Chemist: 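The following block contains the structure, expressed as structure tokens.
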Amino acid sequence: MQPPIIGYCDPLRGRPGQRIAFHVSSGGGRPFSARVVRIVCGDPNPQGPGLDIREVASDLCGEHPGQEQIVPIGSCGLAALPALRGHGALSAVFNVRPTRLNDDLRAILSLQDTEATQVLMVGLERGELVLLQRRDGQEGRAATGLRLEAGQWYAVRVDLIDDSSAVAVRLEPIEARPLRPKGQGTVVSLAAPVDFQAWSRITFAAAWSGRPQHCFNGQIEQPQLRAKRDDNGRSEDEIVAAWDFSQRINQQTFPDVGPHGCDGTLVNVPTRAVRGSNWTGNEMNWRHAPQHYGAIHFHDDDLSDCKWAESLSFAISPEWDSGIYGLEVQNELGTDIIPFYVLPAKQAPRKPIAVLASTFTHVAYANHARGNFDEAFRERVRAWQAYPWNPTM
């Protein structure tokens with residue numbers, strides 16, 4: 001749950017005359033008031049000097065229209081699909097290593113339309129492979145009975161036939177340890193036949209509906225789509241798409257090395273250069289052997305940029321002294337102060353004391369969950385009349 005009103009600014013600092021934009025989420029889209037303040041002391045501890053927050057004259061003081069904006073948390077990969085018309089049978093093939101077995105359904109791979117109204121998801125629920133299907137307003141699940149362990153690589157193959165509800169699933173441990181079960185397979189029946197033409201994109205580690213959903217915690221490598229080809233009476237696999245995560249490791253895109261070039265894009269910066277199932281330990285630098293680091297580690301709490309719409313902006317007044325400032329925003333449910341830093345003008349006289357603000361640390365840890373939202377914290381908030389959403393404030 002988000003606080004009733006919260007926001008961030010971009011950039012985090014500026015000099016007189018430079019503009020700073022503020023991106024605010026106001027619960028329920030409520031209008032909010034705003035004012036600029038200077039933060040002399042932001043510590044509410046009564047044993048210290050106490051809060052000292054002073055209003056600063058600005059032309060944006062007053063009411064502003066509000067909108068509620070979500071935090072699209074969780075990483076995934078997106079790629080367009082080539083036209084699947086004419087393929088009577090398809091296989092989705094990939095390697096996967098779960099790192100957390102969540103109780104709820106998490107998507108390893110989703111074949112879907114743009115808004116996830118038509119979906120076939122290969123997911124994981126409590127360690128079991130599960131297929132979720134959405135079609136024509138209906139949703140159903142099929143459990144496979146095939147189980148995965150955290151920390152183990154598996155090769156997965158899902159065989160589909162167009163306009164059929166039968167799905168064959170094969171699970172094979174990679175480099176199985178002693179006493180670990182060997183490969184297993186099963187055939188399950190979906191509630192409705194699949195329709196290849198309904199799918200226009202593939203999503204890795206999530207389902208996509210304007211943002212990631214059902215985000216997976218684990219590593220994926222070498223995902224491919226294959227079609228069956230009859231070659232002189234022999235049935236062979238033909239590559240339809242093959243996404244190579246060992247290429248462009250220093251970028252947020254990944255190539256399709258198949259015949260159609262349906263390259264993909266990563267969302268929320270999942271971890272790259274991750275050891276794959278073929279890693280030998282002979283090379284510790286991914287740049288020297290990228291083929292051994294061809295996995296991507298996805299997490300349900302990855303986040304790069306909320307990409308919220310701008311709510312308001314202003315130019316820093318030349319009359320403001322350098323220091324720590326904030327935009328105080330308030331609706332009928334709550335208040336927040338969005339801090340920013342005012343630097344001196346480049347030609348301004350220098351003062352005898354310089355203050356170094358660790359803005360990198362500020363950004364890295366401002367919303368870091370510390371796990372101490374306990375009763376002692378709540379009592380301290382009440383006693384100090386402090387901000388209730390961050391235990392260290």
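As the structure is a prediction and not an experimental result, all values here were calculated from the model. All values below come from the heavy atoms of this structure, side chains included, with hydrogens, waters and symmetry mates left out.
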Chemist: List the atom pairs, donor and acceptor, that lie under 3.5 Å between side-chain atoms in residues 341-353 and the rest of the protein, sequence neighbours left out.
Modeler:
from, atom 1, to, atom 2, distance (Å)
R350, NH1, A348, O, 2.9
R350, NH2, K346, O, 3.3

Chemist: Judged by modelled atom types alone, do Q67 and S26 share a side-chain donor-acceptor pair under 3.5 Å?
Modeler: no

Chemist: Check this for me: does any side-chain nitrogen of one of R100 and D300 sit under 4.0 Å from a carboxylate oxygen of the other?
Modeler: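 Salt bridge: yes.
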
Chemist: Against E125, only a single residue in R147, R141, R106 fulfils salt bridge (Lys or Arg N to Asp or Glu O under 4.0 Å); can you say which?
Modeler: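 In the set R147, R141, R106, the residue that makes a salt bridge (Lys or Arg N to Asp or Glu O under 4.0 Å) with E125 is R141.
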
Chemist: Does either side chain, that of Q197 or that of R85, offer a donor lying less than 3.5 Å from an acceptor on the other one?
Modeler: yes

Chemist: Side chains of S91 and R226: is there a donor and an acceptor less than 3.5 Å apart?
Modeler: no

Chemist: Is it true that L78 and I296 fall in one hydrophobic cluster, defined by side-chain heavy atoms closer than 4.5 Å?
Modeler: no

Chemist: Should the pair R170-E172 be classified as a salt bridge under the 4.0 Å nitrogen-to-oxygen rule?
Modeler: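 Result for this pair is yes, salt bridge flagged.
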
Chemist: Side chain of S110, backbone of A206: donor and acceptor closer than 3.5 Å?
Modeler: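 Present.
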
Chemist: Assess whether a salt bridge exists between E68 and R30, defined as any Lys/Arg side-chain N lying under 4.0 Å from an Asp/Glu carboxylate O.
Modeler: no

Chemist: Assess the side chains of W279 and Y293: does a donor N or O sit below 3.5 Å from an acceptor N or O?
Modeler: yes

Chemist: Taking the inter-plane angle between the rings of W320 and F314 on a 0 to 90° scale, is it parallel (under 30°), tilted (30 to 60°) or perpendicular (over 60°)?
Modeler: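 Taking F314 first and then W320, their aromatic rings stand perpendicular (interplane angle over 60°).
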
Chemist: Could you verify whether a donor N or O on one side chain and an acceptor N or O on the other, from S33 and H64, lie under 3.5 Å apart?
Modeler: no

Chemist: For the pair S311 (side chain) and V24 (backbone), establish whether a donor and an acceptor sit closer than 3.5 Å, ignoring hydrogens and angles.
Modeler: yes

Chemist: Without swapping roles, check the side chain of D244 against the backbone of P255 for a donor-acceptor pair under 3.5 Å.
Modeler: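 The answer is no, because no donor-acceptor pair under 3.5 Å joins these two groups.
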
Chemist: Show the nearest heavy-atom pair for residues A192 and Q133, with the distance to one decimal.
Modeler: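 Distance-wise, the nearest heavy atoms are O-NE2, 2.8 Å.
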
Chemist: With the threshold set at 4.0 Å, does a side-chain nitrogen-carboxylate oxygen contact exist between D263 and R248?
Modeler: yes

Chemist: Parallel under 30°, tilted from 30 to 60°, perpendicular over 60°: which one fits the rings of F245 and F204?
Modeler: perpendicular

Chemist: How are the rings of W199 and F196 set relative to one another: parallel (under 30°), tilted (30 to 60°) or perpendicular (over 60°)?
Modeler: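 Judged by the thresholds at 30° and 60°, the geometry between W199 and F196 is tilted.
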
Chemist: Does F22 have its ring centroid less than 6.0 Å away from the ring centroid of F340?
Modeler: yes

Chemist: Whether the N217 and T99 side chains hold a donor-acceptor pair (N or O, under 3.5 Å, no angle test) is what I'd like checked.
Modeler: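 The answer is no; no qualifying pair exists.
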
